[in-house]
**Student:** 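Encoded as structure tokens, here's the structure I'll be asking about.
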2 protein chains.
Amino acid sequence: MIFRGRFEYTIDPKGRVNIPAPFRERLLESGQDSFFLTNFSDCLYGFAADDWAGIEERLSRVPSTDRKKNAFVRFFLGGAVEAVPDKQGRILVPPSLRSYAGLEKEVVILGMPNRFEIWSLDRWQQEIGRFEKEVLEDRELVREISDLGI
Amino acid sequence: MIFRGRFEYTIDPKGRVNIPAPFRERLLESGQDSFFLTNFSDCLYGFAADDWAGIEERLSRVPSTDRKKNAFVRFFLGGAVEAVPDKQGRILVPPSLRSYAGLEKEVVILGMPNRFEIWSLDRWQQEIGRFEKEVLEDRELVREISDLGI
DNA sequence: CCACCTTTCCCCACAATTACCCACTTGCAG
DNA sequence: CTGCAAGTGGGTAATTGTGGGGAAAGGTGG
């Protein structure tokens, strides 16, 4: 499931954040009723339940003898929680995820292919800054991007 | 049975640790009433009773002529205990396992495919550190991870 | 075989967190 | 102006996590 758009919300003292109405709507349309959240790359990743099921399936195939990949599974799966929107469309972000992503007040939710991302506004702005410096000045990368047909 | 999520608890002077409510719930739903704990890779592994039965079955096939595998079986099986949650949802961790995993006060429980892991908070944080250094900086590995559809 | 000490089991009680409501505000559409 | 949907805030009841007391069980030394 692909998500689109950028949304700004506030996370309240109880740790609740609103999920963009269009995201919730698409979830319900496809007969699902929950998201899965986990921690990755300084923000939180959110997946539709069906997409998450596929991920878990692949994670469970990682051989437990592969030390490095197991470290990844530990981190990624260890961070995961099911999140069911309440009647107002919010989900509860548990303390461990809140602190990982540095979510305190202002929060940005970004649509991505197969997932959405929850960022603290601060970090998101820094990320944008890095993007403009590192990515746009990297001619090689810019060319690859234009190959995407953009 | 797959477990997910990261939970922080304190182990009390009697050696009791809480088991995350969702883990207990899933166990009961599948008609089981106990876990099995054993020592491995600096932490404790916890299995649902049914999954543990499968493991024991496979361990019992290890030929007694294979010296190295037998050493493993001795260690793995020798550390194993059945653990039944009390009315408050805690299990008692015997002293031998407590000292193996260095469990003293703060404890982290991680969900994994087919098992969960009990870490001392200290060791877990070191593990995270290694993960960020070794795994995320390994471009090859990061590519393999993204092949998991993440 | 008994007395003693330690460990484990089974309660109860309290604190913290979460789930489930309902209410208010704002912006947009009819 | 009215009605609806979206986003925010808060109250209360239920669940979850923590600590401790005392009885039962198990192990050890005399």
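Remember, predicted model here, so these are calculated numbers, not experimental data. In what follows, chains carry the letters A, B, and so on, assigned in the order in which the sequence lines appear, proteins first and then strands, with residues in each chain numbered from 1.
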**Student:** Pull out every stem in DNA chain C, meaning runs of 3 or more consecutive Watson-Crick or G-U wobble pairs with both distances under 3.5 Å.
**Tutor:** C:1-30 with D:1-30
**Student:** Quick one: on DNA chain C, does A:R16 or B:R90 contact a more 5' nucleotide (nearest heavy atom)?
**Tutor:** B:R90
**Student:** Would you call A:E56-B:R4 a salt bridge at under 4.0 Å N-O?
**Tutor:** yes
**Student:** Heavy atoms from C-beta onward define the side chain here; which of C:dA19, D:dG7, D:dT18 lies closest to that of A:L92?
**Tutor:** C:dA19
**Student:** Rounded to whole angstrom units, what separation is found between the CD atom of B:E8 and the C1' atom of D:dT16?
**Tutor:** 16 Å
**Student:** Using distance alone, with no hydrogens and no angle criterion, decide if A:W124 and A:Q126 have a side-chain donor and acceptor under 3.5 Å apart.
**Tutor:** no
**Student:** Just the rounded figure in Å: distance from P of C:dC10 to CD1 of B:I91.
**Tutor:** 15 Å
**Student:** For B:N18 and D:dT15, what is the distance between atoms CG and P respectively, to the nearest whole Å?
**Tutor:** 16 Å
**Student:** Could you check whether B:E127 pairs with B:R123 (Lys NZ or Arg NE/NH1/NH2 to Asp/Glu carboxylate O, under 4.0 Å)?
**Tutor:** no
**Student:** Which residues satisfy the side-chain contact (heavy atoms from CB on, under 4.5 Å) test with B:L59, sequence neighbours excluded?
**Tutor:** B:I55, B:F72, B:V73, B:F76, B:L77
**Student:** Nearest to the B:K14 side chain among D:dG20, D:dT18, C:dA19, which nucleotide is it?
**Tutor:** D:dG20
**Student:** With the threshold set at under 4.0 Å for non-hydrogen atoms, list the residues of residues 31-40 of chain B touching DNA chain C in residue-number order.
**Tutor:** none
**Student:** When the nearest nucleotide of DNA chain D is assigned to A:R24 and to B:F7 on a heavy-atom basis, which residue is associated with the more 5' position?
**Tutor:** A:R24
**Student:** Ignoring backbone atoms, establish whether A:K87 has a side-chain N or O less than 4.0 Å from OP1 or OP2 of C:dC22.
**Tutor:** yes
**Student:** Does A:P95 reach a base, just sugar-phosphate, or nothing at all? Heavy atoms under 4.0 Å.
**Tutor:** sugar-phosphate
**Student:** Between B:E117 and B:R115, does any NZ, NE, NH1 or NH2 come within less than 4.0 Å of an OD or OE carboxylate oxygen?
**Tutor:** yes
**Student:** Ignoring hydrogens and angles, tell me if any N or O in the side chain of A:E106 forms a donor-acceptor pair with the backbone of A:L121 under 3.5 Å.
**Tutor:** no
**Student:** Among D:dG19, C:dA23, C:dC9, find the nucleotide with the atom closest to the side chain of B:D12.
**Tutor:** D:dG19
**Student:** Does A:V107 belong to the same Ile/Leu/Val/Met/Phe/Trp/Tyr cluster as A:F3, with side-chain heavy atoms less than 4.5 Å apart forming each link?
**Tutor:** yes
**Student:** In this structure, how many angstroms lie between the C1' atom of D:dA5 and the CD1 atom of A:I19, rounded?
**Tutor:** 17 Å
**Student:** Sub-3.5 Å donor-acceptor pair from the side chain of A:R24 to the main-chain atoms of A:I19, do we have one?
**Tutor:** yes
**Student:** Assign B:D86 to base, sugar-phosphate, or nothing according to its heavy-atom contacts below 4.0 angstrom with the strands shown.
**Tutor:** nothing
**Student:** D:dG9 base to A:Q88 side chain: any donor-acceptor pair below 3.5 Å?
**Tutor:** yes
**Student:** Would you confirm whether B:N70, through its side chain, and B:V62, through its main-chain N or O, come within 3.5 Å as a donor-acceptor pair?
**Tutor:** no
